[in-house]
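Taking it in order: structure first as structure tokens, then the write-up.
Only heavy atoms go into these numbers, but all of them, side chains included; no hydrogens, no water, no symmetry mates. Every number for a ligand or one of its atoms is a count from 1 in the order of the listing. These figures come from a predicted structure and were not determined experimentally.
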Amino acid sequence: MIAPIFAANWKMNNGPTTAREFMLSFLSLYPRQNDRTIIFFPPALSFHTVAASLGERHDILLGVQNVHWEDQGAFTGELSVPIARDAGARLVLVGHSERRHVFGETDDECARKCAAVERGGLTPMLCVGETLEQRESGDAEATVKRQLRAGLSRMTQLMQRPIAVAYEPVWAIGTGKNATPDDATTMHEAIRDELENLCGDRARTTSILYGGSVNPGNAPQLIAAPEVDGLLVGGASLDPGAWLAIARA
Ligand code: PGA
């Protein structure tokens, strides 16, 4: 049994001032819980504010939304894994659907990023998910399995090092149309099967999160669905009340 993960992906929202207010209110209403893990993925410029507001709350982890695959150098505007680690990040989102579909990130770039995250000692949370077209043509499972194989293909210690996977169907992100718990279970089973092919027993202890229009109303059913080990939440994680309700689901 994996302790459930509730992860907030703030995307390009919540600058330092809002982030500080959000964290003060969240931390005062959310005492330490040992049966679950909370993760925040703030925008880079708010990362320090969120980290500072956590103080001794080591039960809450932080991650960054994206990294470059090189460790350092002349890459204006980019963030590296060593920088993220130095700032206190434990996880890195890789291949979020907006990175893939808005910024044209390829499977091979995702693979390079996962390898850099592994090299730097952080945990990648590789995002996979099919488009509506791929779902309607019956290619949903094949798509996520391909993204998974490709994304993890450059990692060398898959058997030893923790990874997490987020299943986020593209048609469900920010659209108000979430996958049903049954759909999520089916896709998570397919992901777990593929993980077993790639990293054997490690698959059973790898967290697979569902993301896409999670809200306080659907979170309890989604987190209770078989094979769903956590929730990755965008829009609803920006509303302190909604996020608190989800984190307590
Ligand atoms: P959403 O986004 O909850 O707003 O659908 C989820 C995500 O993109 O991680």
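Under a 4.0 Å criterion applied to the non-hydrogen atoms of E168, ligand 1 contributes the atoms 6 (C), 7 (C), 8 (O), 9 (O). For ligand 1, the atoms closer than 4.0 angstrom to any heavy atom of K11 are 2 (O), 6 (C), 7 (C), 8 (O). Interface atoms of ligand 1 facing H96, defined by a heavy-atom separation under 4.0 Å, are 7 (C), 8 (O), 9 (O). Residue-ligand proximity, G235 to ligand 1, at heavy-atom distances under 4.0 Å covers atoms 1 (P), 3 (O), 4 (O).
Considering backbone and side-chain atoms alike, A236 places every N or O at 3.5 Å or more from each N or O of ligand 1. Looking at S213 next to ligand 1, an N or O pair under 3.5 Å apart turns up. In terms of polar-atom proximity, defined here as any N/O pair under 3.5 Å, G212 makes no such contact with ligand 1. Checked against a 3.5 angstrom limit, the closest N/O atoms of G234 and ligand 1 fall inside it.
In this structure, F26 has its ring center under 6.0 Å from that of F40.
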Kindly determine whether W171 and E130 satisfy side chain to side chain donor-acceptor pair (under 3.5 Å), including the steps that lead there.
CA-CA 8 Å; W171 48 269; E130 80 285 0; 2.9 Å; yes
- Between T156 and E118, is a side chain to side chain contact (heavy atoms under 4.5 Å, CB included) present by the stated rule, with each step listed? CA-CA 8 Å; T156 57; E118 175 184 71; 3.3 Å; yes
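Atoms CE and CD, from M187 and E168 in turn, are 12.5 Å apart once rounded to the nearest 0.5 Å.
For the pair L27 and I60, the minimum side-chain heavy-atom distance is below 4.5 Å. Contact check for R85 versus S80: no side-chain heavy atoms found under the 4.5 Å cut-off.
Ionic pairing of D229 and R192 is present here: one or more N-O contacts between side-chain nitrogen and carboxylate oxygen are shorter than 4.0 angstrom. Between D59 and R36 there is no salt bridge, since no side-chain N of the basic residue sits under 4.0 Å from a carboxylate O of the acidic one.
At a heavy-atom cutoff of 4.0 Å, ligand 1 is contacted by the side chain of N9 but not by its backbone.
Proximity of G174 to ligand 1 is established by a heavy-atom distance of less than 4.0 Å. At least one heavy atom of A172 sits under 4.0 Å from some atom of ligand 1.
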